[in-house]
Amino acid sequence: MSSPDDLLRAFARATEPDEAAQQRVADRLAMSTDAESVGHLLRQLPEPSEFALARVLARVRQSIAAGRRGRMPLGTGPLVAAGTALAVVLVGVVMAPSLVDEPPPVMIAETLEAAEAVVTNPAPGVELSYTGWGLVSGSERQPHIEWGAGTLHVDVAPKQGIDLEIETPHGVVQVVGTVFDVHVDDLGTRVEVERGKVRVMCELGATTLLEAGDETLCQRTSPASLLRFANSAKRSKVAGPAKVLSLADQGLALQPEPSPVRDELRMLRFSSLVDLKRFPEARTAGDDYLANPNAPERGRVLRTTFRLAHQSGDCAESLPYLQALVETDVVAAEHFVELARCLGRTDPAKSLSLLEKAETMQPTPALATRIAQLREAIDAAK
Amino acid sequence: MNRASLDQELVERAIRDEPGARDRLLEASLPKALAWCMRLGGPKVDAEDAAHDALMIVWTRISSLRSPARYNAWLYGIVRRVLAAHRRRAWIRRWAPGVEAEGVASGPTPVKQAQQAQLAKGVQEALEKLPPKQREVLVLCELEERTDVEVAEMLGVPLGTVKSRLRLARARFGKTAARMRLNEQIPGREIEEPQSELA
């Protein structure tokens with residue numbers, strides 16, 4: 001039987017903080033009190049990218065051109081006040097229900113994605129049946145639909161004060177109480193009105209007021225609008241890379257000026273061709289993207305185009321990409337080794353110097369072995 | 001775009017609705033508005049949508065701004081209300097889950113880019129755990145390096161309030177960051193790639 005002293009000593013030993021635990025506590029203390037560490041961590045948050053800025057600016061300009069107005073959202077104060085007033089009205093303490101002019105908006109959000117026809121009611125008085133993909137947002141009184149592709153049949157109950165708006169790559173459709181179809185494909189956006197009235201504002205073109213039996217087609221659009229929908233398609237579960245490619249192709253067919261929008265459209269074309277495993281075309285698309293020496297994703301595209309070219313193992317194919325890649329900051333030791341292999345016979349001195357560079361980049365054991373083998377082969381060929 | 005580009009003269013010209021002035025003001029305000037939306041919106045808010053909505057309000061209501069010198073504070077107030085509205089929707093776009101890592105993809109290699117994106121996501125989560133009033137003070141003071149006087153003016157609160165919120169925010173953020181071991185993930189402290197790029 002152990003004495004109490006023995007037990008206490010054993011307890012003290014068992015609960016002695018190890019070095020790692022002490023370090024963890026010290027780190028926590030330092031983080032809690034050190035403003036510099038906090039600032040350093042916060043600076044890891046990303047800055048808005050050039051693409052994101054271009055996208056938002058293009059969207060804002062599109063909204064302005066479509067005649068839309070910014071609406072200041074209700075703050076929580078008015079919401080609480082309105083809620084309280086509503087509650088008071090409901091319990092019947094106040095006799096005049098007209099005190100509450102307008103209840104706070106009920107926000108809605110629904111993703112529309114279906115390969116086969118689906119019917120949904122995102123808000124009272126609004127019925128949608130659709131095949132394709134899009135997104136509903138806004139409030140029950142002001143639903144906003146982004147419709148990317150496919151057919152959307154809209155039935156809005158008349159005289160309910162529902163201010164519904166549908167945005168497609170080719171324009172904006174506004175309605176108050178009506179039944180109509182919106183069909184979006186690569187050729188444009190077709191709107192057919194069954195009942196009521198619809199205002200169609202084409203992205204580039206006139207605004208038309210359609211009545212029952214009328215139809216219109218918005219064909220022309222802007223690269224920025226197509227880019228926005230291509231990005232949405234990329235994130236969609238049902239749209240797939242073929243749809244992204246189609247939208248990017250449409251945007252590029254409009255021959256946008258050199259700009260971040262053009263770069264991003266080219267990037268989307270390239271990445272969707274890779275996703276579709278259409279590798280020869282992907283290489284050409286990659287070359288198009290790389291034609292801009294300042295393209296922001298240059299390093300990433302070079303790495304992939306190099307891999308595509310390298311599939312054949314033919315140095316003549318991959319050499320241009322490797323040579324460009326070693327000039328970037330995304331180069332890895334493997335790239336130096338592969339370039340050394342390709343230049344081994346024609347320029348052994350340069351090959352050896354590339355291998356030396358690779359060695360300074362802490363290669364993996366397998367790569368170190370490869371470097372040694374190549375060095376032997378180059379020496380033997382001399 | 002630097003802060004100086006939002007000069008008072010441009011704001012005044014936009015208020016007077018001189019040709020092209022409102023458009024230039026939008027361009028000049030966009031980087032700041034989008035950065036605020038990205039930093040303060042949290043993972044459930046689409047920062048680009050929020051920035052769009054905020055700039056549309058600027059476009060529509062700039063003529064109602066009485067004091068051009070307070071444009072920054074006015075813009076921040078709009079972004080703040082738009083973000084609050086977007087947060088209320090409590091809506092995560094199913095087709096765009098999580099935070100897009102765009103903007104952090106400038107690391108030297110894919111692995112480092114992924115680590116950087118992971119770290120940025122962690123920092124955003126730690127920020128999200130702060131009360132909104134502490135979060136905005138921390139971002140404005142620590143990240144944007146604004147003085148506490150400037151932030152007090154932007155938020156319309158006393159200087160002492162900014163100072164106390166900042167102190168509490170630092171301590172709380174630091175604790176959360178330490179618990180999440182974010183400081184261990186800062187690039188350069190460990191992790192060497194390289195994984196084979198060759199086919």
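We name chains A, B, ... by the order of the sequence lines, and we start the count at 1 in each one. FYI, side chains are in, hydrogens and waters are out, and symmetry mates aren't considered; it's all heavy atoms of this structure.
Heavy atoms of B:R80 lying under 4.5 Å from chain A are absent altogether.
The 12-atom threshold is not exceeded at CZ of B:R24, counting heavy atoms of other residues, nucleotides or ligands nearer than 6.0 Å.
B:A47 approaches B:L34 most closely through the heavy-atom pair O-CD1, 3.8 Å.
Top candidate by heavy-atom pairs under 4.5 Å with chain A, chosen from B:I57, B:I78, B:V82, B:L55, is B:I57. Contact tally against chain A (heavy-atom pairs below 4.5 Å) for B:T176, B:L138, B:L26: the top residue is B:L138.
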Do A:E334 and A:R370 pass the salt bridge (Lys or Arg N to Asp or Glu O under 4.0 Å) test, and can you show the C-alpha distance, the side-chain angles, and the key distance before you say yes or no?
CA-CA 10 Å; A:E334 289 84 349; A:R370 176 108 173 103; over 6 Å; no
Could you pull out all donor-acceptor pairs under 3.5 Å where a side-chain atom in residues 153-167 of chain B meets a protein atom, sequence neighbours excluded?
| from | atom 1 | to | atom 2 | distance (Å) |
| --- | --- | --- | --- | --- |
| B:S164 | OG | B:G160 | O | 3.4 |
| B:S164 | OG | B:T161 | O | 3.1 |

